[in-house]
Amino acid sequence: MKKEKGILSSYDSLDIDEVVIAIEKTFHLKFDERDFEKVKTYGDFENLVLNKIEGTETEDCSSQQTFYKLRKIFIEEFNIPFEKINPKTQLENIFPSKNRIKKVSILKDKLKTEVNFLKPNFKFSLISAILIILSIYYFFNQFLLGLFLFVIGIFCLKIAQDFGKEFYAITVGELSKLMVKKDYKFARKNPETYNPKEVKEIIKNIFSDMLDIEKSKLQYNTIL
């Protein structure tokens, strides 16, 4: 009998590794190779993640909890009036461009998260990309020059990440959802709890977004 090909059979192992790393970061987990020995289907992988998460199961809404946490920080740290904070509030109204980077850093500290809320600076990102491409070319012709360009390119990338001012999310509600998607554990009011239904949805979104797989194809019995 011919063995059925899995849905991930056409993907490079590095692409799959990136998905695993994204899930580890989102739920603050750590997998080892032995964890995947018995994973044959998408449902097996879901169960693996759920079994790895430590805490108490609940049925509450994480996005709502994150919104309340954000509102509390906005009031206490940035003196934003309660009545001016709702899910549709524009983030640029809370974080003026002038002090945005510093205030967002304070917000991340209070949330205990490493999620990037700001996009990298476009100009430095472009310079970084050009330098890294050039470095690859010169590695085969003038190694030292290639190495120098690569180091400068990485430095520019770091600057781009540190000095970006444009938000990934536009509203407080969108920021809440971004937090849940990227750092589920600390998006919740109590990090020691989790909603299995939400966890499954986040796993499916990560697979779908990163591997461009239709969600309808990610069923419990889908062969990986």
Side-chain angles (χ1 to χ4, degrees), residues 1-66 69 108 111-117 119-120 125 128-129 132 136 150 154 157-158 161 168-169 174-224:
M1 183 183 293
K2 189 176 181 180
K3 187 177 179 181
E4 182 180 354
K5 278 191 174 183
I7 197 170
L8 301 181
S9 60
S10 62
Y11 290 90
D12 187 89
S13 60
L14 293 177
D15 293 328
I16 298 172
D17 287 344
E18 287 183 2
V19 170
V20 172
I21 291 170
I23 290 172
E24 286 182 326
K25 288 182 177 180
T26 297
F27 300 109
H28 291 261
L29 306 175
K30 188 64 181 176
F31 297 110
D32 59 56
E33 291 187 8
R34 289 176 297 176
D35 290 327
F36 301 105
E37 290 177 354
K38 295 183 179 180
V39 174
K40 306 298 181 185
T41 68
Y42 178 75
D44 291 338
F45 183 76
E46 275 188 342
N47 290 334
L48 172 63
V49 176
L50 288 169
N51 290 333
K52 279 278 187 179
I53 296 176
E54 297 180 355
T56 305
E57 293 186 18
T58 67
E59 296 182 354
D60 49 16
C61 175
S62 295
S63 293
Q64 187 177 56
Q65 292 181 20
T66 308
K69 288 177 72 172
K108 290 174 65 174
L111 289 171
K112 299 179 181 179
T113 186
E114 295 298 322
V115 174
N116 289 322
F117 296 149
K119 298 179 182 179
S125 295
S128 173
I132 290 174
I136 295 172
F150 180 77
I154 295 300
L157 182 61
K158 180 67 167 60
Q161 293 172 337
Y168 281 108
E174 290 178 5
L175 183 61
S176 300
K177 292 178 181 178
L178 176 65
M179 182 71 185
V180 172
K181 180 180 179 181
K182 298 289 187 180
D183 193 351
Y184 184 82
K185 184 180 179 72
F186 289 108
R188 294 182 59 79
K189 181 179 180 181
N190 183 354
E192 304 306 318
T193 63
Y194 67 99
N195 182 330
K197 185 176 180 180
E198 289 182 340
V199 171
K200 290 180 180 181
E201 186 62 28
I202 292 170
I203 295 171
K204 184 170 289 188
N205 285 336
I206 291 174
F207 264 86
S208 179
D209 293 344
M210 296 187 70
L211 299 178
D212 196 26
I213 299 175
E214 293 180 20
K215 291 182 182 179
S216 60
K217 294 182 179 180
L218 297 170
Q219 301 299 322
Y220 189 87
N221 293 319
T222 299
I223 303 297
L224 295 178

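Every value quoted in this text rests on a predicted model; they were computed, and no experiment measured them.
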Taken in chain and number order and not counting sequence neighbours, the residues that satisfy ring pair (Phe, Tyr, Trp, His ring centres under 6.0 Å) with Y11 are none
So F150 and I136, side chain to side chain contact (heavy atoms under 4.5 Å, CB included) or not? Walk me through it. CA-CA 8 Å; F150 180 77; I136 295 172; over 6 Å; no
Smallest heavy-atom separation, L175 atom then A169 atom, equals N-CB, 3.6 Å
For K119, the salt bridge (Lys or Arg N to Asp or Glu O under 4.0 Å) test, sequence neighbours excluded, returns E166
Applied to residues 12-32, the salt bridge (charged side-chain N to carboxylate O under 4.0 Å, His left out) test, sequence neighbours excluded, yields D32-R34
The salt bridge (Lys or Arg N to Asp or Glu O under 4.0 Å) partners of K177 (sequence neighbours excluded) come to none
D183 meets the side-chain hydrogen bond (donor to acceptor under 3.5 Å, both in side chains) criterion, sequence neighbours left out, with H28, T113
The side-chain hydrogen bond (donor to acceptor under 3.5 Å, both in side chains) partners of E46 (sequence neighbours excluded) come to none
When rounded to the nearest 0.5 Å, the distance separating CD of E174 from OH of Y168 is 14.5 Å
d(L224 CG, D44 CG) to nearest 0.5 Å is 7.5 Å
Heavy-atom closest pair (K181 atom, I202 atom, distance to 0.1 Å) is O-CG2, 4.0 Å
The reported gap from CG in L48 to CD in E37 (rounded to nearest 0.5 angstrom) is 11.5 Å
With a 4.5 Å heavy-atom cut-off, do T26 and I203 have their side chains touching?
-> no
Notebook entry, point to check: Is I7 close to I223 at the side-chain level, that is, under 4.5 Å between some pair of heavy atoms?
Noted result: no
Between the OG1 atom in T56 and the CG atom in N195, the distance rounded to the nearest 0.5 Å is 12.5 Å
Full working for salt bridge (charged side-chain N to carboxylate O under 4.0 Å, His left out) between E54 and K185:
CA-CA 10 Å; E54 297 180 355; K185 184 180 179 72; over 6 Å; no
For L111 and F186, the nearest pair of non-hydrogen atoms, with its separation, is O-CB, 3.7 Å
Indicate whether the side chain of Q65 and that of D60 have a donor and an acceptor atom separated by less than 3.5 Å. yes
Is the number of heavy atoms from other residues, nucleotides or ligands within 6.0 Å of NZ (K200) greater than 12?
-> no
Quick note, side chain to side chain donor-acceptor pair (under 3.5 Å) partners involving residues 214-224, not counting sequence neighbours, are N47-Y220, N205-K215
Next item on the list: Under the salt bridge (charged side-chain N to carboxylate O under 4.0 Å, His left out) rule, what do K182 and E114 come out as? Steps first, then yes or no, please.
Entry: CA-CA 9 Å; K182 298 289 187 180; E114 295 298 322; over 6 Å; no
Go through the steps to decide whether I206 and L211 satisfy the test side chain to side chain contact (heavy atoms under 4.5 Å, CB included), and finish with yes or no.
CA-CA 8 Å; I206 291 174; L211 299 178; over 6 Å; no
Between L50 and V199, the two heavy atoms sitting closest are CD2-CG1, 3.7 Å
Correct closest heavy-atom pair for L218 and S208 would be CD1-N, 4.3 Å
Ring pair (Phe, Tyr, Trp, His ring centres under 6.0 Å) filter on Y194, not counting sequence neighbours, yields none
Q.
Testing the 3.5 Å rule here: is there a donor-acceptor pair between the side chains of R188 and T193?
A. yes
When rounded to the nearest 0.5 Å, the distance separating CZ of F36 from CD1 of I16 is 10.5 Å
Sorted by chain and number, sequence neighbours left out, ring pair (Phe, Tyr, Trp, His ring centres under 6.0 Å) with F117 holds for none
Those residues at least two apart in sequence (or on a different chain) that pass salt bridge (Lys or Arg N to Asp or Glu O under 4.0 Å) with K158 are D162
The reported gap from OG in S128 to CD in Q161 (rounded to nearest 0.5 angstrom) is 8.5 Å
Sequence neighbours excluded, the answer for salt bridge (Lys or Arg N to Asp or Glu O under 4.0 Å) partners of K52 is D35
Heavy-atom nearest pair, E198 first then C61, reads OE2-CA, 3.4 Å
By ring pair (Phe, Tyr, Trp, His ring centres under 6.0 Å), Y184 pairs with (sequence neighbours left out) F27
